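One structure below.
Bear in mind the structure is a predicted one, so any value in this text is a computation, not a measurement. These values consider heavy atoms only, across backbone and side chains, with no hydrogens, waters or symmetry-generated copies. Lettering follows sequence order; numbering is per chain, from 1.
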There are 2 protein chains.
Amino acid sequence: MRESSAAEARPYHHGDLRRALIDAASRLLEAEGPSALSLRAVAREAGVSPAAPYHHFKDKGELLEAVAQEGWTLLDKALASAKARAASPDKAINELGVAYVCFARENPAIYRVMYDTARDREDLPDQMKGDKDSAYCKVRDTLVEAGADPTDTLNIELATTAAWCSAHGLAEMAGFKQFEHLKEACGGEVPFLRAIFEHMGLVSHMTPE
Amino acid sequence: MRESSAAEARPYHHGDLRRALIDAASRLLEAEGPSALSLRAVAREAGVSPAAPYHHFKDKGELLEAVAQEGWTLLDKALASAKARAASPDKAINELGVAYVCFARENPAIYRVMYDTARDREDLPDQMKGDKDSAYCKVRDTLVEAGADPTDTLNIELATTAAWCSAHGLAEMAGFKQFEHLKEACGGEVPFLRAIFEHMGLVSHMTPE
DNA sequence: ATGCCCATCTAAGCGCTGTCAAGATATCTT
DNA sequence: AAGATATCTTGACAGCGCTTAGATGGGCAT
């Protein structure tokens with residue numbers, strides 16, 4: 001009776017059906033889109049009966065939450081490597097933003113699931129907001145490194161929130177074809193994103209000029 | 001054979017089932033949430049058989065598109081009256097932003113449907129982007145009135161897009177309970193929104209200082 | 001090694017869904 | 001008055017999420 005730990009190490013019949021289901025769901029999700037994903041299809045993809053998933057997840061929502069968790073982990077990695085790549089601290093925020101949007105654009109289905117499950121609970125996962133080196137804290141620390149006053153916590157939190165919301169809004173809208181001509185005028189999608197983030201002026205309001 | 005015009009004036013049996021279905025859908029949507037909305041429930045609410053809606057809409061998606069259309073019209077009105085209320089041009093953009101987010105927070109279900117249907121087609125409705133006095137143009141004009149150079153069209157479009165994305169991101173995230181303490185610290189939801197928009201600095205980058 | 005326990009998986013079924021085809025009914029046109 | 005046509009209903013199909021009951025087989029105590 002040691003399956004109370006976070007992840008069952010070695011289930012019985014299938015090997016690791018929980019893992020297989022999450023993978024199958026991610027696969028179908030990115031292939032068919034979030035609205036087309038059914039629990040039965042996931043079971044089919046994993047080669048088990050339609051009722052099998054219910055021994056590993058309370059319901060469909062819980063499976064999606066597990067998929068979303070994976071997504072937040074991936075996003076965390078993407079942001080970490082973007083921050084490592086950034087040349088100077090005051091350019092790092094916009095680079096984080098670009099990396100954020102690129103992640104969302106490259107994994108549209110999982111990105112959608114991440115926010116859909118979060119909104120259902122009106123609660124962002126700890127992974128994003130709570131942990132010491134979460135994505136949120138990465139943004140906040142970057143703002144401080146860029147010159148924001150670390151003692152003015154309200155202002156820092158507001159700025160971090162502003163940055164996050166901007167990136168999320170851009171991530172959701174960058175796919176609309178109305179912006180195609182703007183992307184071309186900027187010379188590609190990434191330059192377009194950079195230009196938008198510069199317009200948002202996320203740093204200038206934090207530094208004591 | 002004059003039903004080819006935008007809205008059937010006076011259909012046969014029901015009176016105006018198309019209208020009644022849209023209203024019923026809006027009602028159920030705001031009451032039960034987007035995920036709980038079924039076409040059959042809409043028909044039930046309108047007092048007709050489950051197949052009746054198919055004489056007015058190709059499928060469920062087309063009904064939702066009609067509901068979304070109503071939403072864009074409502075949003076347009078909200079933004080127009082916010083702009084009329086604004087004291088000075090350089091404060092108007094942030095006021096538009098606050099009004100935008102308030103609309104989304106007061107009509108969460110319809111707001112979701114607006115963007116869900118738009119994303120399905122990767123295409124925003126003309127009502128938002130195309131028309132001469134659409135919501136998009138309202139934001140752009142406000143930026144010009146606040147001092148942006150109207151001849152630099154690329155810059156204006158980027159700034160308008162940046163503003164729109166920021167507002168949309170904020171609208172989607174303002175519901176998360178992680179931000180409750182920030183709202184309290186700011187003295188309410190609207191002051192919180194104002195503070196965030198100020199951090200986004202949407203105007204400062206447009207005016208030639 | 002045997003036998004029990006229980007986790008895992010399957011089979012079958014419930015009520016729901018979106019959608020369609022066929023038929024009934026009311027309105028418009030002539 | 002009669003035919004055409006738009007509207008609405010009935011009945012059906014496949015698929016969905018989820019539940020219950022039963023089959024299967026690995027882990028563990030004896």
Side-chain angles (χ1 to χ4, degrees), chain A residues 1-25 28-29 31-68 109 113 116-117 120, chain B residues 1-25 28-29 31-68 109 113 116-117 120:
Chain A
M1 189 87 84
R2 66 181 177 350
E3 79 290 356
S4 62
S5 68
E8 283 100 320
R10 184 177 42 86
Y12 299 65
H13 296 70
H14 177 282
D16 193 346
L17 183 54
R18 184 189 161 88
R19 180 75 265 144
L21 288 169
I22 294 175
D23 290 346
L28 290 177
L29 217 42
E32 318 277 351
S35 63
L37 185 82
S38 77
L39 197 52
R40 294 175 106 107
V42 173
R44 234 174 286 139
E45 172 89 3
V48 293
S49 81
Y54 288 89
H55 293 271
H56 299 271
F57 303 97
K58 186 172 113 299
D59 54 18
K60 184 184 177 182
E62 206 170 277
L63 169 58
L64 288 178
E65 279 182 32
V67 173
V113 169
D116 281 350
T117 63
D120 285 351
Chain B
M1 191 93 76
R2 73 195 176 330
E3 77 291 353
S4 62
S5 69
E8 282 101 319
R10 183 178 45 85
Y12 301 66
H13 296 69
H14 178 282
D16 193 346
L17 183 53
R18 184 190 160 88
R19 178 76 264 144
L21 288 170
I22 294 174
D23 290 345
L28 291 176
L29 216 42
E32 319 276 352
S35 63
L37 185 83
S38 76
L39 195 51
R40 293 176 106 106
V42 173
R44 236 173 285 140
E45 171 90 2
V48 292
S49 81
Y54 286 89
H55 294 270
H56 299 272
F57 303 97
K58 188 172 113 296
D59 54 18
K60 184 183 178 182
E62 206 169 276
L63 169 59
L64 288 178
E65 278 182 34
V67 173
V113 169
D116 281 351
T117 62
D120 284 349

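- To the nearest angstrom, P of C:dT17 lies 15 Å from CG of B:L64.
- For the pair B:E62 CD and C:dT19 P, the interatomic distance rounds to 11 Å; values are reported in whole Å.
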Report all side-chain donor-acceptor pairs from residues 39-46 of chain B shorter than 3.5 Å, counting only partners two or more places apart or in another chain.
residue : atom : partner : partner atom : Å
B:E45   : OE2  : B:R27   : NE           : 2.9
B:E45   : OE2  : B:R27   : NH2          : 3.1

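- In this entry the distance linking CG of B:L17 with C1' of C:dA26 reads 15 Å, nearest Å.
- Heavy atoms only, all atoms of each residue included: A:R18 and A:H56 are closest at NH1-O, 3.6 Å.
- Here CG of B:L63 is found 7.5 Å from CG of B:L37. Values are rounded to the nearest 0.5 Å.
- Taking all atoms of both residues into account, the shortest heavy-atom contact from B:A109 to B:L29 is CB-O, 3.3 Å.
- The distance from atom CZ of A:R18 to atom C1' of C:dA7 is 15 Å, rounded to the nearest whole Å.
- Whole-Å rounding puts the A:L21 CG to C:dC9 C1' distance at 12 Å.
- In terms of heavy atoms, A:L17 sits closest to A:A52 at CD2-CB, 4.1 Å.
- Rounding to the nearest 0.5 Å places CG of B:D23 at 9.0 Å from CG of B:D16.
- If you measure from atom CG of B:L63 to atom P of C:dT17, you get 15 Å, rounded to the nearest angstrom.
- The minimum heavy-atom distance between A:D59 and A:Y54, with the atom names listed, is CA-CE2, 4.1 Å.
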Are any protein N/O atoms closer than 3.5 Å to N/O atoms in nucleotides 21-23 of chain D? If there are, list each pair with its distance.
none

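- Distance OG/A:S35 to CG/B:D120: 6.5 Å, rounded to 0.5 Å.
- Between the NE2 atom of A:H56 and the C1' atom of D:dC18 there is a distance of 16 Å, rounded to whole Å.
- Residues B:A36 and B:E32 approach most closely at CB-O, 3.5 Å, considering heavy atoms.
- Rounded to whole Å, the distance from OH on A:Y54 to P on D:dT19 is 7 Å.
- In the region residues 35-51 of chain B, proximity to DNA chain C at under 4.0 angstrom, judged on heavy atoms, holds for B:S38, B:L39, B:R40, B:R44, B:P50, B:A51.
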